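The structure appears right after this line, and notes come after that.
The residues of the chain are indexed from 1 along the displayed sequence. None of these values were measured; they are calculated from a predicted model.
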Amino acid sequence: MPDSNGTPITLTIDDQVITATLHDNPAANALAQQLPLTLTFDDFNSVEKIATLASPPSMDGMPTGADPEIGDIGLWAPGGNLVLYYGDVGYWNGIARLGTFDDVAAIKALSGPFTVTITTQ
């Protein structure tokens, strides 16, 4: 459900800034309304970095699932997690594609819990 008319955002990790865009869809728009957010991410299954959202966006108006691309920002609705995909996970019910980020290698290289501040540009 990518859309080039989305919301430009930044992911700030220490002194590193990664540019990203949230798509124009109901879940991504709901997430954009919560920004700025500071979240703690950790690795999951060596393909994604996940953080728990205090108020996960609703899946109303979204497909029941998705096959995210490498470099996608996603929502794992069953766990209420924001996800940064740096590997292939395939299709799963409960995934919503919320946007994209620009530096896959930088996200992949992060280890252990790390803090990300997400803001609109």
Side-chain angles (χ1 to χ4, degrees):
M1 194 176 256
D3 189 325
S4 61
N5 296 322
T7 303
I9 61 171
T10 57
L11 311 174
T12 304
I13 306 153
D14 295 325
D15 61 352
Q16 182 176 22
V17 176
I18 297 171
T19 57
T21 303
L22 291 177
H23 299 318
D24 184 10
N25 65 45
N29 292 338
L31 179 65
Q33 293 300 310
Q34 296 182 36
L35 299 180
L37 284 173
T38 299
L39 302 169
T40 300
F41 283 80
D42 208 347
D43 195 78
F44 187 74
N45 287 339
S46 298
V47 291
E48 59 195 61
K49 307 292 184 178
I50 63 170
T52 302
L53 291 164
S55 298
S58 168
M59 288 288 284
D60 290 345
M62 298 296 295
T64 59
D67 179 1
E69 300 288 329
I70 293 170
D72 271 357
I73 300 168
L75 170 67
W76 171 241
N81 301 116
L82 189 64
V83 184
L84 304 175
Y85 295 99
Y86 67 88
D88 185 25
V89 299
Y91 179 93
W92 288 84
N93 283 332
I95 291 178
R97 294 176 67 194
L98 303 183
T100 59
F101 61 94
D102 295 331
D103 195 342
V104 173
I107 294 298
K108 182 178 182 176
L110 295 166
S111 61
F114 58 94
T115 301
V116 179
T117 300
I118 305 169
T119 56
T120 55
Q121 290 183 11

Handout entry: Heavy-atom closest pair, residues Ala20 and Asp102
Key = N-OD2, 4.2 Å
Exercise for the section: Would you mind reporting whether Pro68 and Val89 have side-chain heavy atoms less than 4.5 Å apart? Expected result: yes
Completion exercise
Scanning both residues in full, the closest heavy-atom pair of Met59 with Ala77 reads CG-CB, 3.5 Å
Exercise for the section: For Asp72 and Phe101, work out which heavy atoms get closest and say how close. Expected result: O-CE2, 3.3 Å
Handout entry: Smallest separation among heavy atoms of Ser55 and Gln34, with atom names
Key = O-NE2, 2.7 Å
Exercise for the section: Measure the CG-CD1 distance between Leu22 and Ile9 for me, rounded to the nearest 0.5 Å. Expected result: 4.0 Å
Practice task
Check whether Val17 and Val116 end up in the same hydrophobic cluster, where Ile, Leu, Val, Met, Phe, Trp and Tyr are linked by side-chain heavy atoms less than 4.5 Å apart.
Solution key: no
Completion exercise
Value for CE (Met62) from CD1 (Ile95), rounded to nearest 0.5 Å, stands at 11.5 Å
Handout entry: Within one Ile-Leu-Val-Met-Phe-Trp-Tyr cluster: Phe41 and Leu110, side-chain cutoff 4.5 Å
Key = yes
Fill in the blank from the handout: One should read off an interatomic distance between Ile73 CD1 and Leu84 CG, to the nearest 0.5 angstrom, of 6.0 Å
Problem - Candidates Thr117, Thr115, Ile107 - the one meeting side-chain contact (heavy atoms from CB on, under 4.5 Å) with Ile13 - result: Ile107
Practice task
Grab the two heavy atoms, one from Pro78 and one from Gly94, that are nearest each other, plus how far apart they are.
Solution key: CD-O, 3.6 Å
Completion exercise
Paired with Leu31, the side-chain contact (heavy atoms from CB on, under 4.5 Å) test is passed by just one of Asn25, Leu37, Leu75, namely Leu37
Fill in the blank from the handout: Applied to residues 76-90, the side chain to side chain donor-acceptor pair (under 3.5 Å) test, sequence neighbours excluded, yields Asp43-Tyr86, Thr52-Asn81
Exercise for the section: Check step by step if side chain to side chain contact (heavy atoms under 4.5 Å, CB included) holds for His23 and Thr100. Expected result: CA-CA 8 Å; His23 299 318; Thr100 59; 4.0 Å; yes
Exercise for the section: Please round to the nearest 0.5 Å and tell me the distance separating atom OG1 of Thr7 and atom CD of Gln33. Expected result: 8.5 Å
Exercise for the section: Establish whether Leu98 and Val104 are linked, either directly or via other cluster members, by ILVMFWY side-chain heavy-atom contacts under 4.5 Å. Expected result: yes
Handout entry: Hphob cluster co-occupancy, Val83 + Ile18, side-chain heavy atoms under 4.5 angstrom
Key = no
Exercise for the section: With rounding to the nearest 0.5 Å, note down the distance linking CZ in Arg97 to CG in Asp67. Expected result: 8.0 Å
Handout entry: In one Ile/Leu/Val/Met/Phe/Trp/Tyr side-chain cluster, 4.5 Å: Leu53, Phe114
Key = yes
Completion exercise
Of all heavy-atom pairs linking Gly61 and Pro26, the shortest is O-CG, 4.0 Å
Handout entry: Atom pair NZ/CG of Lys49 and Leu82 - distance to nearest 0.5 Å
Key = 14.0 Å
